[in-house]
Amino acid sequence: MTTLLLVVIYLAFISLGLPDSLLGAGWPVMHTHFGVPLQFAGIVSMIISFGTVVSSLASERLTKRFGTRYVTLISIALTAAALLGFSVSTAFWMICLWAIPYGLGAGSIDAALNNYVALHYSSRDMSWLHCFWGVGTIASPYIMSFSLSHASWQVGYRTVAALQAGIALIVLLTLPLWRIHQNAEDPVQKAKVLGLSGALRIRGVLPLLIGFCCYCAAESVCMLWTASYLITVRGVTEARAAAFASLFFIGITAGRFLAGFVSDRIGDRNMVRIGTGIILLGLAMTLLPIQSEIAALIGFVIIGLGCAPVYPSIIHATPNHFGAQNAQAIIGLQMASAYIGTTFASPAFGWLSTYTGLWILPLYVAGFIGVMTVMLEWTYRLRATEGSV
């Protein structure tokens, strides 16, 4: 029963990843349909991000009141409705309106399921959970590409909305499975709500949030700007750059699958440290002063592999560092800090690169990784003094 529930949770995390890459795949056509500039994708993205931050901050109260299973079910249904709303929108303001429930649904399920798996499952299971998020992000562009070739972008959104609705139905039919952890969850559910101020008063939470924000900022910059860097700085053809940029996503997904086999033995802290070392190796390869672009191409694939264990390992270690009763509040804050990092880091790099050039990308990413490392090690030291690790 525990394994069957985990399969349902994996499906739910695919549903979280499915819409994440859909807007980027469809927007080149969508913006002409609505008669707005290409750059307006940033407006939609920021509305979604704002919704995820709000629902992430509210996740502790929602989960304690309704339980993880109902938060998951409602969140998936909310994103399914939002995606269907996208598909029937006839004006840009309608897209912006439907972006609100999409963001609210995504933030709630992200925080709730990350906390649930961190409490009840192993580090291996957490790595594979985020691997399935990657499956969703990889699948969506293919769905949109097929829909654009044979029908329209609206069909792409309706297809993903139907998939979301199907996953919501599976969650609904398997609600009794969630009772297997009910006794273990009772003390956590009955614990006092910490809230933002209460969580921030716990030693180590603030540096943890800063470090997690910096990691997510670095990851988002690589996701958005890798192809542009390869074309502009390394002279790679557009087709080849696009292929290797996609390998960054595949590197993260494959890396998380492989990390699942060793993470329980190595431990969360060491997985983060190993991942950080691999990221820095990849960044160093992109900076090698050689004519061939091969080093840079391989470098970004290595960066993706290095990124793979960092996010899930930080999340999985949270109950161990801060206690199961505090985990939901702190993981909710981690999700909020993640979305803040992804919302602002990439536009900031775009602004910076207009003055410096895109060549600075590896150094920009390395700066975030450096701050992340300092903050996380500070967190580990503070929690060690509290006797929690």
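Predicted model only: the values in this text are computed from it and were never measured.
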Review point. Could you give all pairs that pass the ring-ring contact (aromatic ring centres under 6.0 Å, His included) test and reach residues 41-60, with sequence neighbours left out?
Key: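 The answer is none; no pair qualifies.
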
**Study point:** Value rounded to 0.5 Å, distance of CD1 in Ile210 from CD1 in Ile340
**Key:**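 Atom-to-atom, Ile210:CD1 and Ile340:CD1 are 11.0 Å apart.
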
Exercise for review: With sequence neighbours left out, write down each residue that passes salt bridge (Lys or Arg N to Asp or Glu O under 4.0 Å) with Arg273, or none if nothing qualifies.
Suggested key: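 Partners of Arg273 under the salt bridge (Lys or Arg N to Asp or Glu O under 4.0 Å) test: Glu377.
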
Check your understanding: For Tyr229, does its backbone N or O pair with a side-chain atom of Thr232 as donor and acceptor, under 3.5 Å?
Key ->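 Flag not set: sc Thr232 to bb Tyr229 has no pair under 3.5 Å.
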
Practice item. Indicate yes or no for a side-chain donor-acceptor contact from Ser353 to the backbone of Phe349 under 3.5 Å, with no hydrogens or angles considered. Key: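 Confirmed, Ser353 side chain pairs with Phe349 backbone.
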
Practice item. Output every pair passing salt bridge (charged side-chain N to carboxylate O under 4.0 Å, His left out) with a member in residues 208-221, not counting sequence neighbours, ordered by first then second residue. Key: Glu219-Arg256

**Study point:** His316 versus Asp125, side-chain donor and acceptor atoms under 3.5 Å
**Key:** no

Review point. With a 3.5 Å cut-off and no angle check, do the side chains of Thr343 and Ser49 form a donor-acceptor pair?
Key: yes

4.5 Å side-chain heavy-atom contact, [X] and [Y]:
X      : Y      : answer
Asp110 : Ser56  : no
Leu208 : Met375 : no
Tyr380 : His321 : yes
Tyr70  : Leu175 : yes
Tyr157 : Met30  : yes

Practice item. Please say whether the positively charged group of Arg124, taken as NZ for Lys or CZ for Arg, lies over the ring of Phe261, i.e. under 6.0 angstrom from the six-membered ring centre and within 45 degrees of the axis. Key: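 No, Arg124 does not sit over the ring of Phe261.
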
**Study point:** For the student: nearest non-hydrogen atoms of Met126 and Ala118, plus distance
**Key:**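 Of all heavy-atom pairs spanning Met126 and Ala118, the closest is CE-N, 3.6 Å.
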
